[in-house]
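All residue numbers refer to positions in the sequence shown, counting from 1. Hydrogens, waters and symmetry mates play no part in the numbers below; they use all other heavy atoms, side chains included.
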Amino acid sequence: MWRIYGVLSAWVLLCVVFADDAATRLQKAIEQHGGDAYRALARRGVKLEYDITSEYGGKSAAKRTLYLRDTKRVTEIRYGDDESIVGFDGDKGWRKNEYLSTSIAQEEEWALKDTLYAHFIYIPHWLSVGALVGGEPSKLPDGRPAYRITVQLPPPEHQRALPQKPDNKLHCFLNEQNQIVGMEYQQVDYETDKIRRIGVVYHGFRAMTTPNGEVLMPLETRLYSDSAHVATYFLTSMDAQTELDDTRFQRPPHGTSPAVRDNLPVKVPFRFSTNSLYVQVWLNGKGPYWIIYDTGASSTWIDDSIVKEVGLEKVPNSDYWATMVYGAFPSYRVRVKSLKVGEAEVRDITISGGAVWRTPLGSDSIDGKRVIGLLGRETIAAFQTTVNFADRTITFESPDAPLPEGTVIPFEMAGDHVLVTMTVGQKEQPIRMIVDTGASTNLLPPSYKHDPSDGPSLTIDQWYKRLGEFFEGDEYQFFTGDLRVYRINRMRLGVLQFTSVYAYHKFSENARSDSVTALQTRYGLLGVPIMRHYKVTYNYFREQMVWRPNTESERAADNAGYGIWWRKQGKDLVVRWVMPMSDADIAGVKAGDKILLIDGQSPATWTEKQLVNRLSYTKVGRPLKLTVERAGKRLEFNLTASNYEL
């Protein structure tokens, strides 16, 4: 027993010695880099400029300017002639994009907060708020020997709800001269909730002047993610002479909307086909052209041939790759003097041109006229718009028009997209969804974790096999890969509740898919199948939507049914197809069943209109007692009508 106590005492003493040695070396490292002058940088404010290179080699077109003052900072990123500026003050954020200044997605804010770990300026701050664990000989992320000091940091509030939490340990590496030569820590990927190991290695130090004295700064920062070298930052300048003006962190006012107000409000008809909304547009007076009205498109995107036909001016050095559900396609920016949707007009805006002909849109047409692309955010957001699925119209009003009466749903902007939080199932699992009139299906985000009580599911292959039965042998597919399709029994948006919602789901961060949307997006898509039962008003300036349910008479066209498709074979009425995961499918109704009785009555003498009204165009919640014959046996099923949001 005394030997055990002796060993434990020696181990504790050894830990204390190592901890004291770590504390001493840590203090020497801070002093080596400037002491109080080094500590003051994060408190006082500093402007740093970097050139960035990527793992693919060569200088990128990006220049990053990082401002730090306590937890405040601004990040400016340029790609070609595009510029994105993000600012923070506390928990609020803003993004300046053309004439709109909008708050950014919460996940982006969290991710940017977490990147403060990675910055050399903040090391004294983290070391002061953390608890020293100890130090030991180790190796840098690039494999070189170094002395590693570990500090336990307090867990940030925004990590409390994460399914997997990082250990919040900061490992600081010192060389023999007690210079800080690297860091290592765990970071959350907020798209997948996966934990990554981030390594930072510093090379080449230079003394730089600050108001409080010189600070020894690293000129080169190499960034590693899970041992892979992903980027290198070269420090080009530092300005620590003055504190930053707080106005940098205040949300800037919106610019002036490019909408022409003279003709507003304007009601524009749309054509509704395959769950997509088609409107006619005129570009610089030429048209009309058919285009898809798409709140999920970050920019209006039109085909190369139309750019040439209209004579639009290309913005120099604006080439980029447009990423959408069909894939990624070469694109560029063009200037438009006038874009009209019906009589609703915007002037002097910049949109995108590209290879629409390479996408499925290239073969899309209305009344024999080709569809030229997507009508996106910079056009739609200039107005307050109301999409009325009942009478197939879109009303364009000025952005300061009063909102209609109805259920107000606040939203925030994920880049250029309308982003809302919904819940799934009885357990109210939160999911983040982009409201997308261009989405003909619903898509659950990768973060969604299926609970059996949420509803049934099929693999994507099983789903398309069943749909192929409807098309009687013709191939049918939209997404492919490691995906599932769910019928969600209950989804909620604010006080609005939706039932029998069909949705695709990329169920793993490693899922394979040939759809860029399914493969890469961190958010889901709230698509037309849910929206079509409502009149939805969008106001980007207020960051609010208003949802108004269709009236009783308008709901008659919503096609509530039981999941049964039927046909007449001679004198018999036969089930032709059963919708996968519908109530009829779950109850056991099968294709080929002969329908004997409907609510106890023989349908033998019913007209087609009577059959349609009873089985296909009925009211939500209406019960049905269905009696069928299968292989000489009589079977009864009790079903309830639903709007199947496919």
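- When all heavy atoms of Pro410 and Val408 are compared, the closest pair comes out as CD-O, 3.7 Å.
- Within the structure, the salt bridge (Lys or Arg N to Asp or Glu O under 4.0 Å) test picks out the following pairs touching residues 539-551 (sequence neighbours left out): Arg251-Glu543.
- A donor-acceptor contact shorter than 3.5 Å links the side chain of Arg333 to the backbone of Thr350.
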* Asked: Is there a side chain to side chain contact (heavy atoms under 4.5 Å, CB included) between Ile306 and Leu312 once you walk through the steps?
  -> CA-CA 9 Å; Ile306 304 302; Leu312 300 179; 6.0 Å; no

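- Taking all atoms of both residues into account, the shortest heavy-atom contact from Val281 to Ile372 is CG2-CD1, 4.3 Å.
- In summary, the side chains of Thr421 and Arg432 do present a donor paired with an acceptor at a separation below 3.5 Å, with no hydrogens or angles considered.
- In this structure, the side chain of Ser257 engages the main chain of Ala382 through a donor-acceptor pair within 3.5 Å.
- Applying the salt bridge (Lys or Arg N to Asp or Glu O under 4.0 Å) test to every pair with at least one member in residues 392-409, sequence neighbours left out, gives these pairs: Arg261-Asp400.
- The shortest distance between side-chain heavy atoms of Phe498 and Leu496 falls below 4.5 Å.
- Checking side-chain atoms of His450 against main-chain N and O of Gly455 turns up a donor-acceptor pair under 3.5 Å.
- When only modelled atom types and interatomic distance are considered, Arg614 and Tyr562 share a side-chain donor-acceptor pair under 3.5 Å.
- Partners of Trp547 by ring pair (Phe, Tyr, Trp, His ring centres under 6.0 Å), not counting sequence neighbours, listed by chain and number: Tyr534.
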Please tabulate, one pair per line, all N/O donor-acceptor pairs under 3.5 Å involving side-chain atoms of residues 340-347, not counting sequence neighbours.
unit_1	atom_1	unit_2	atom_2	d
Lys340	NZ	Glu343	OE1	3.4
Glu345	OE2	Ser338	OG	2.6
Glu345	OE2	Arg347	NE	3.3

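- Of all heavy-atom pairs between Met433 and Leu525, the closest is CE-O, 3.3 Å.
- When only modelled atom types and interatomic distance are considered, Asp451 and Gln426 share no side-chain donor-acceptor pair under 3.5 Å.
- Aromatic rings of Tyr332 and Tyr320 (six-membered ring for Trp) have centroids beyond the 6.0 Å cut-off, not under it.
- The main-chain N or O of Glu378 is found under 3.5 Å from a side-chain atom of Tyr99 such that the two form a donor-acceptor pair.
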* Could you walk me through whether Thr379 and Thr300 pass the side chain to side chain donor-acceptor pair (under 3.5 Å) check? -> CA-CA 7 Å; Thr379 305; Thr300 297; 3.1 Å; yes

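- For His417 (side chain) and Val435 (main-chain N/O), no donor-acceptor pair under 3.5 Å exists by modelled atom type.
- Between the side chains of Asn539 and Gln384, at least one donor-acceptor pair of N or O atoms lies under 3.5 Å.
- Taking 4.5 Å as the limit, every side-chain heavy atom of Thr441 sits out of range of all side-chain heavy atoms of Asn275.
- Between Thr551 and Lys535, the shortest heavy-atom contact is N-NZ, 4.3 Å.
- Residues passing the side chain to side chain contact (heavy atoms under 4.5 Å, CB included) test with Thr256: none are found, sequence neighbours excluded.
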* To do: List the steps and the verdict of side chain to side chain contact (heavy atoms under 4.5 Å, CB included) for Leu375 and Val279.
  => CA-CA 9 Å; Leu375 189 73; Val279 294; 4.3 Å; yes

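- Asp583 has a carboxylate O that lies under 4.0 Å from a charged side-chain N of Arg487, or vice versa, which qualifies the two as a salt bridge.
- Panel note: side chain Asp367, backbone Lys369; no donor-acceptor pair is recorded below 3.5 Å.
- A salt bridge does not link Arg490 to Asp454: none of the charged nitrogens lies less than 4.0 Å from a carboxylate oxygen.
- A salt bridge (Lys or Arg N to Asp or Glu O under 4.0 Å) check over residues 492-501, counting only residues at least two apart or in different chains, returns the pairs Glu428-Arg492.
- Checked by atom type, the side-chain pair Thr386/Thr395 shows no donor-acceptor distance below 3.5 Å.
- Ser457 and Arg484 share a donor-acceptor pair across their side chains, judged by distance under 3.5 Å alone.
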* Step by step, would you call Tyr538 with Ile380 a side chain to side chain contact (heavy atoms under 4.5 Å, CB included)? -> CA-CA 9 Å; Tyr538 301 82; Ile380 297 172; 5.6 Å; no

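- Asp585 places no side-chain N or O within donor-acceptor distance of the main-chain N or O of Pro580, the cut-off being under 3.5 Å.
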* Walk me through it: do Thr385 and Tyr293 pass the test side chain to side chain donor-acceptor pair (under 3.5 Å)? => CA-CA 11 Å; Thr385 60; Tyr293 184 91; 3.2 Å; yes

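- Looking at Asn442, its side chain does come within 3.5 Å of a backbone N or O of Gly527 through a donor-acceptor pair.
- Scanning all heavy atoms of the two residues, the minimum distance from Asp294 to Thr437 falls at CA-OG1, 3.4 Å.
- A 6.0 Å sphere centred on NZ of Lys267 holds no more than 12 heavy atoms belonging to other residues, nucleotides or ligands.
- The aromatic rings of Trp463 and Tyr502 are tilted relative to each other, their planes meeting at an angle between 30° and 60°.
- Smallest separation of non-hydrogen atoms from Met531 and Leu526: CE-O, 3.5 Å.
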* To do: Please report the C-alpha distance between Phe272 and Phe389 in whole Å, then the side-chain angles of each, then the deciding distance to 0.1 Å, and finally whether the ring pair (Phe, Tyr, Trp, His ring centres under 6.0 Å) criterion is met.
  => CA-CA 8 Å; Phe272 193 49; Phe389 286 90; 5.7 Å; yes

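- One N or O on the side chain of Gln429 and one on the backbone of Lys449 form a donor-acceptor pair closer than 3.5 Å.
- Between the side chains of Ser299 and Ser352, at least one donor-acceptor pair of N or O atoms lies under 3.5 Å.
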* Could you go through the ring pair (Phe, Tyr, Trp, His ring centres under 6.0 Å) check for Tyr504 and Tyr486 one step at a time? => CA-CA 6 Å; Tyr504 292 86; Tyr486 294 99; over 10 Å; no

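- Taking the six-membered ring for Trp and thresholds of 30 and 60 degrees, Phe396 and Phe383 have ring planes more than 60 degrees apart, a perpendicular arrangement.
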